[in-house]
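Chain A is the first sequence line, chain B the second, and so forth, proteins listed ahead of strands; every chain is numbered from 1.
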There are 2 protein chains.
Amino acid sequence: MAVGTRDRIMDAALRLFVEQGVAATPVTAIEAASGLSPGSGSFYRHFGNKQDLLTAVVEREMAKARKDPATQVSAARPGELPADVLARQIRADLDFLRDLEPLMIVLMWERGRAPEVAGRVQEVMVERGIELGVADLLTSVPAAAVADDPAAAAGVMMSAVVGYFLNVHYFGSEPAGVGADRFATTLARLLTGR
Amino acid sequence: MAVGTRDRIMDAALRLFVEQGVAATPVTAIEAASGLSPGSGSFYRHFGNKQDLLTAVVEREMAKARKDPATQVSAARPGELPADVLARQIRADLDFLRDLEPLMIVLMWERGRAPEVAGRVQEVMVERGIELGVADLLTSVPAAAVADDPAAAAGVMMSAVVGYFLNVHYFGSEPAGVGADRFATTLARLLTGR
DNA sequence: GTCTATATTGGGATAGAC
DNA sequence: GTCTATCCCAATATAGAC
């Protein structure tokens with residue numbers, strides 16, 4: 001990884017973009033963080049401009065996150081409780097979000113100026129949210145509130161997962177000191193009515 | 001409202017900051033949007049620099065949100081079900097977040113460069129979350145998952161509310177098409193085990 | 001493929017007339 | 001308190017030597 005200068009530039013740029021935003025990160029700073037001489041145009045031997053770099057970084061990060069086996073949910077074991085299956089699901093979703101974390105932060109910053117790219121990420125998220133979490137939720141859960149309005153329960157679950165993730169990122173600490181495992185277990189129990 | 005030039009500058013600046021971020025908003029653009037001549041330094045008759053303006057805007061918006069009676073929860077009516085009280089609580093929290101929406105967006109963008117200001121907003125949020133939502137939750141809810149780990153349940157509730165709000169903001173639509181009332185009702189029912 | 005050097009633009013900020 | 005005019009610097013991007 002990060003063998004060539006092009007990759008080093010992408011690594012350094014993503015880090016800087018996350019820390020201070022794209023607009024506030026000058027090309028000179030990217031050069032310096034990539035081991036190039038700041039102010040030299042050496043950056044431009046690798047990318048046409050900062051926008052091209054952003055596009056390339058987005059492509060690379062999304063490809064990485066989709067391939068990562070750690071964010072795939074393993075199949076339910078026979079006899080496993082619905083609450084436990086759901087808790088594993090939720091932890092996998094949090095892992096998936098953590099994989100995409102730098103990208104999400106950058107795109108939330110840049111959504112106004114790169115709407116088509118933000119749209120693609122949204123598709124990946126929604127696709128995953130719908131296909132995995134919601135499908136499991138609708139089939140295996142007997143709780144009254146879920147049965148009455150499964151779509152709303154799915155919305156609550158997705159909101160809670162995304163909200164937990166963003167709480168941790170933006171405030172730098174877990175909400176009410178609750179770690180990922182406790183969060184996943186409690187949310188799963190609430191959804192399954194146990 | 002917005003009688004003097006100073007107020008018009010703050011209104012215009014907040015709008016532009018939300019749309020494109022602080023770093024990407026030149027003072028020239030703020031002048032233009034405030035009815036001043038762009039490029040003239042007239043802005044500097046009212047604020048020392050852009051950072052001073054940001055600070056003033058944050059102060060003003062936080063003072064407004066704290067005073068707004070629409071975001072205060074009315075007392076529980078006698079005989080009202082815990083789930084209904086909690087649902088009203090959740091709707092009030094969403095109103096509170098919507099009141100603070102522009103400020104939150106700007107501060108999430110700027111958190112790296114204005115950490116002390118972001119810290120103050122966090123305090124207000126946490127204070128409100130703890131004092132209102134969590135206190136009610138702990139006292140009035142008999143659900144097993146809540147009784148077993150009240151702090152985790154409170155974390156789930158806060159995460160869900162914040163996540164719902166941010167989903168709506170960033171993706172421009174309600175998660176799974178679920179509106180605020182349905183969301184609040186479902187989350188309250190899940191938490192109260194009804 | 002990186003360097004030094006530089007042209008050029010855009011935005012931050014000030015001076016002084018009105 | 002707003003204007004015109006201007007200074008200054010930071011950032012984008014290019015040219016050409018090595």
How far does CG of B:Leu103 sit from CZ of B:Phe17, to the nearest 0.5 angstrom? 11.5 Å
Are B:Arg8 and B:Thr5 linked by a side-chain donor-acceptor pair shorter than 3.5 Å? yes
Nearest to the B:Thr5 side chain among D:dC3, D:dT2, D:dA11, which nucleotide is it? D:dT2
What is the distance from CG of A:Asp7 to P of C:dG1, rounded to the nearest Å? 13 Å
Short side-chain to backbone donor-acceptor contact, A:Arg194 and A:Arg189, under 3.5 Å: no
Rounded to the nearest Å, what distance is computed from the CG atom of residue B:Asp52 to the P atom of nucleotide C:dG12? 14 Å
A:Arg45 has an atom CZ; how far is it from atom C1' of D:dC18, in whole Å? 12 Å
Report the nucleotide, chosen from D:dA11, C:dT2, D:dT2, that has the shortest atom-to-atom distance to any side-chain atom of A:His46. C:dT2
To the nearest Å, how far apart are A:Ile30 CD1 and C:dT2 P? 15 Å
Choosing from C:dC3, C:dG11, D:dT14, which nucleotide comes nearest the side chain of A:Ser40? C:dC3
B:Val27 has a side chain; which of C:dG12, C:dT2, D:dT4 sits nearest to it? C:dG12
Between C:dA13 atom P and B:Asn49 atom CG, what is the distance in whole Å? 5 Å
Round to a whole Å and report the spacing from CD of B:Glu31 to C1' of D:dC3. 11 Å
To the nearest angstrom, the CG-P distance between A:Leu53 and D:dT12 comes to 11 Å
Regarding the side chain of B:Tyr44, the nearest nucleotide among D:dT12, C:dG11, C:dA13 is C:dA13
Classify the nucleic acid contact of A:Ser42 as base, sugar-phosphate or nothing, counting any heavy atom under 4.0 Å across all strands shown. base
Under 3.5 Å: donor-acceptor pair, side chain of B:Ser40, backbone of B:Leu36: no
Any idea which of D:dC3, C:dT2, C:dG12 is nearest the B:Leu36 side chain? D:dC3
CD of B:Gln51 versus C1' of C:dG12: gap in Å, rounded? 14 Å
Sub-3.5 Å donor-acceptor pair from the side chain of B:Glu61 to the main-chain atoms of B:Leu100, do we have one? no
